[in-house]
Amino acid sequence: MDFNFKDIEAKWRERWERDEVYKTDMYDFSKPKFYALDMIPYPSGQGLHVGHPIGYISNDVVSRMKRMQGYNVLHPMGFDSFGLPAEQYAINTGNHPGDFTDKNIATFTNQLKKLGFSYDWSKEIKTHEPEFYRWTQWIFEQLYKDGYAEHKPKYVNWCEGLGTVLANDEIVDGKSERGGFPVEKRLMKQWTLNIPAYAEKLLSGLDELPEWPNSTKEGQRNWIGKSVGAEVEFKVENSDLSFRVFTTRADTLFGATYCVLCPEHELVKRITTPEQKAAVDDYIAACAKKTDMERSELNDNKTGVFTGAYCINPVNDERLPIWIGDYVLMYGTGAVMAVPAHDTRDYFFARAHNLPIKRVVEGGNLDEAAYVGDGVHVNSGILDGLNVADAKEKIIEWLESRGLGNKKVNYKLREWLFSRQRYWGEPIPVVYLENGETVLEENLPLKLPEMTDYKARNGEPPLNNATEWKNVEMNGVKGERETSTMPGTAATAWYYMRFIDPHNDTALADPELLKHWMPVDLYIGGAEHTVGHLLYARYWNQYLYDKGISPVKEPFKKLVHPGMLLGENGEKMSKSKGNVINPDDVIDAVGADTLRVYEMFMGPITEAKPWNTQNIEGSKRFINRVWSVYINDDKIKDEPNKNLEKLYHKTVKKVTSDYENLSFNTAISQMMIFMNAVSKESIFPFEYAKGFIKLLSPLAPFISAEIWERVFDDKNLIDYQPWPDFNPELARDDEVEIPVQVNSKIKARIMISIDEDKESVLKRAREAVEISTADKEIYIPNKIVNFIKK
RNA sequence: GCCGAAGUGGCGGAAUUGGCAGACGCAAGGGACUUAAAAUCCCUCGGGAGCAAUCCCGUACCGGUUCGAGUCCGGUCUUCGGCACCA
């Protein structure tokens, strides 16, 4: 009888759903908890491809094992359902973006269910539903009340063609990624969240995450970009104006030969001399057209113009020309002191504009490049003779004692731009009253209004078209609602808490439940979220921790990034390349269990690996072999079989620890070895047969559930069975073959018992290679013997 | 450029702390069963020399440490991922 996977899978999908087998009783605190979370997907129109489930399957295997091991497991799924494609659909068709979203969610849900995931669907979250985003808005309001949310003018990437602000990664070659419209810098009032205020906590928190990948922690450290240096004040000559520069190389102050302000610096207009005004204005206008991307292309072609003004170097009263240049960013103080001898960018700029280069540190060749290394200071007054580290310390002390500057810690991390000129997002719950007051919406959720016209017009967001919604009156005062919405990353910055109590309508979650269930024990999702989602999520969690709402400092205990799934020839899988494989087609052809086994057998989950349709054959044969051993053969008997004893215990041991470590490919390999051995035997002892099918069940839940019901217990599901034990004594070999080397070359092999007496092993080893003495005998228990003869 | 990860048969990949390199699987070749095919089962399968026992070479490249290196150290090259004028 063949394994009829289609009927069997349908049967068990129905059974699991009907009996709510995977529903978690959140208030059952009698068992230890395990929270296994997948990064929730955006429900795109394309549906899932075979790459997505790699992470989901991994987490499902662990969840299913943990349940059988007696944990109370929370394993939820949901959808990050606000987003651009739905909005684009609405603009194009005039239909509500929710229609498109609901349709896609239905497709995704269907696909996920076919894969046999043990999600508790009763806790499903859709981030576009008011029941959920009510609390996203609530968190925003708390941030506002605590002074972390501000509405202020920001330079943004404005795209007239799309009528919206774009993030840097939505711009390619100065044009919008979608549509290819030009993008320019524009000063607009935007909501921002003060994530830099949490820079230090976000940085130190990383040290408490031993189960995070190093690359992710490094990525966040670099993104936060802490640097310790000094802020130094430069006075503008013949005026009472001054500006501050930040430098990590205060020791090179004596080598400064000019200063550069960024074109947006507020001082530029006030200090530019009449003779230079035309040149400066032209330059500023040209810069506004450039995007951040263009400006940040690292090259030696540094542009800039002289303002005509001079400033005074506080350490030696030298007169330095003030330039503007777009290689200086509107970040930090927006101004730098230039030391061309010891900074590569300053060096290029000085060369391009014939500015002087003055050495203050020995080393390198200044005719060829700036010297940025350590060395003895020269031409530096009080610093002469010191190395870089000592000189830094001394000059900062000197500056501080004279009030000319101070030690300063700087972070690259910028404010979180929180406004989007879009419809399909969470409304920002703010009203601007006629009397100038800004007030928060009291009745949350503030729902999105129904509309028919989703297009942005006249530089205003789409919600501006909802006149009735927008114009409000509060306590007799007229006002207008904020018409921008929140970015996509807002919901995912906290959704992991909502899964714990998704239908609570008095708090974002019951504090008692949060305390029991946080943090997430295993979080699986793509490495592309290293500095986006994962940093914002840590920020909101830390903020909510400080408010006493989140019970933990860090929300995700263990983090795993699945490697990218590539096409058959190692290329990226994408719609445009036409090499996307739909899991539905694979499931139709070979069944969900085989697909799950294959995806886990391909290799370590963290590695990128190519899809290979032919290789599925091996997983299919394995599943079919399991079926014939249990259903077709007549070898499962209540009799012992010594031949399988050790292998069985070894297999239980290895599969258990491999699942725990997410090393599924080696677990499967071990199960294949076991099955191969079983098919050569005529007796498959009852207990081993039971134990093995339990080991297989997290990985291949359909066939395992069916076999369990048919062969062992037709009333109680396999999911409720305890995880098999192994006997450590039996899980190790009694005897082992070890090589005997002479001068590190293998000359013989002998069988020894495990932990056999050293002298006895050496004696037999000597006999095996026919030597009586050696200059040196190396003996590693149970591993190797090596005789060294000169 | 900086940060991170990796480089092992025809292919996907195994290899506790340094201790038999190539587990498991795919493909390939040979055989059994079959009227035939599919399915299944058995054998071979890193390279070279040899009738053979056996020997030599082999984990990107060069060097080092060690009785012993895929694994540790120094240097080089390549690939992938992330960040990029942050003063």
Side-chain angles (χ1 to χ4, degrees), chain A residues 2 213-223 225-227 229 245-250 252 260 292-293 295-302 325-329 331-339 342-346 348-349 410-414 526-531 561 563-564 566 568 570 572 597-598 601-604 606-619 621-622 624-625 628 657 663 665-673 676 679-680 736-746 749 774-789:
Chain A
D2 284 346
N214 261 327
S215 56
T216 308
K217 288 190 278 188
E218 262 323 288
Q220 293 209 352
R221 282 190 193 105
N222 291 340
W223 187 261
K226 181 179 182 174
S227 55
V245 304
F246 175 78
T247 176
T248 54
R249 290 297 304 275
T252 61
V260 188
D292 260 9
M293 277 311 206
R295 277 179 68 163
S296 62
E297 258 165 49
L298 180 56
N299 57 37
D300 50 10
N301 167 27
K302 306 242 176 286
D326 68 0
Y327 82 96
V328 177
L329 308 176
Y331 142 83
T333 61
V336 301
M337 66 168 196
V339 184
H342 306 293
D343 181 280
T344 305
R345 293 154 302 183
D346 297 345
F348 285 132
F349 191 87
N410 212 26
Y411 300 95
K412 278 198 241 181
L413 186 63
R414 301 192 206 191
E528 67 273 19
H529 296 110
T530 296
V531 292
H561 302 304
M564 178 109 58
L566 308 170
E568 301 242 5
K572 267 190 187 169
V597 169
Y598 170 61
F601 189 53
M602 279 193 294
T606 52
E607 300 297 316
K609 44 207 170 282
W611 177 265
N612 186 326
T613 300
Q614 202 166 49
N615 279 1
I616 297 176
E617 198 57 32
S619 303
R621 282 183 194 143
F622 171 64
N624 286 340
R625 170 169 282 190
S628 26
S657 66
S663 179
N665 54 332
T666 52
I668 293 166
S669 154
Q670 183 65 34
M671 289 191 283
M672 285 172 168
I673 291 169
N676 290 346
S679 43
K680 288 186 179 64
V736 65
E737 190 185 60
I738 63 164
V740 180
Q741 298 181 328
V742 176
N743 288 336
S744 308
K745 300 261 183 217
I746 297 166
R749 292 165 206 281
D775 295 301
K776 194 173 173 190
E777 293 174 341
I778 291 162
Y779 166 69
I780 307 293
N782 307 326
K783 292 283 187 197
I784 204 163
V785 174
N786 190 1
F787 296 116
I788 309 300
K789 279 178 86 81

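Only this structure's heavy atoms are used, side chains among them; waters, hydrogens and symmetry mates stay out.
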Open item on the list: Roughly how many Å apart are C45(B) and A28(B), using the C1' atom of each and rounding to a whole number?
Closed with: 8 Å
Open item on the list: Rounding to an integer number of angstrom, what distance separates U78(B) and C61(B) when you compare their C1' atoms?
Closed with: 10 Å
TODO: Have a look at E528(A) and say if it touches a base, only the backbone sugar-phosphate, or nothing, with a 4.0 Å heavy-atom cut-off.
DONE: nothing
Task: Touch class at under 4.0 angstrom, heavy-atom based, for A608(A) against every strand present - done: sugar-phosphate
Task: Residue Q614(A), side-chain heavy atoms: nucleotide from C26(B), G12(B), G13(B) that is nearest - done: C26(B)
TODO: Counting heavy atoms from C-beta on, name the nucleotide in G19(B), C3(B), A87(B) closest to the side chain of L329(A).
DONE: A87(B)
Open item on the list: Treating S619(A) as the side-chain partner and N615(A) as the backbone partner, does any N or O pair qualify as donor plus acceptor under 3.5 Å?
Closed with: no
Open item on the list: Between the base of C85(B) and the side chain of K302(A), is one N or O donor paired with an acceptor at under 3.5 angstrom?
Closed with: yes
Task: Nearest-Å distance once atom C1' is located in both C43(B) and A5(B) - done: 41 Å
Open item on the list: For the P atoms, the ones on A27(B) and on U40(B), what distance do you get once it is rounded to whole angstrom?
Closed with: 10 Å
Open item on the list: Hydrogens and angles aside, do T216(A) and H561(A) bring a side-chain donor and acceptor to less than 3.5 Å of each other?
Closed with: yes
Open item on the list: Distance check needed: G25(B) P versus R625(A) CZ, whole Å only.
Closed with: 8 Å
TODO: Determine the contact category for S669(A): base if any of its heavy atoms lies under 4.0 Å from a base atom, sugar-phosphate if only primed atoms, P, OP1 or OP2 are that close, otherwise nothing.
DONE: base
Task: Check: I784(A) main-chain N/O paired with Q741(A) side-chain donor or acceptor under 3.5 Å - done: no
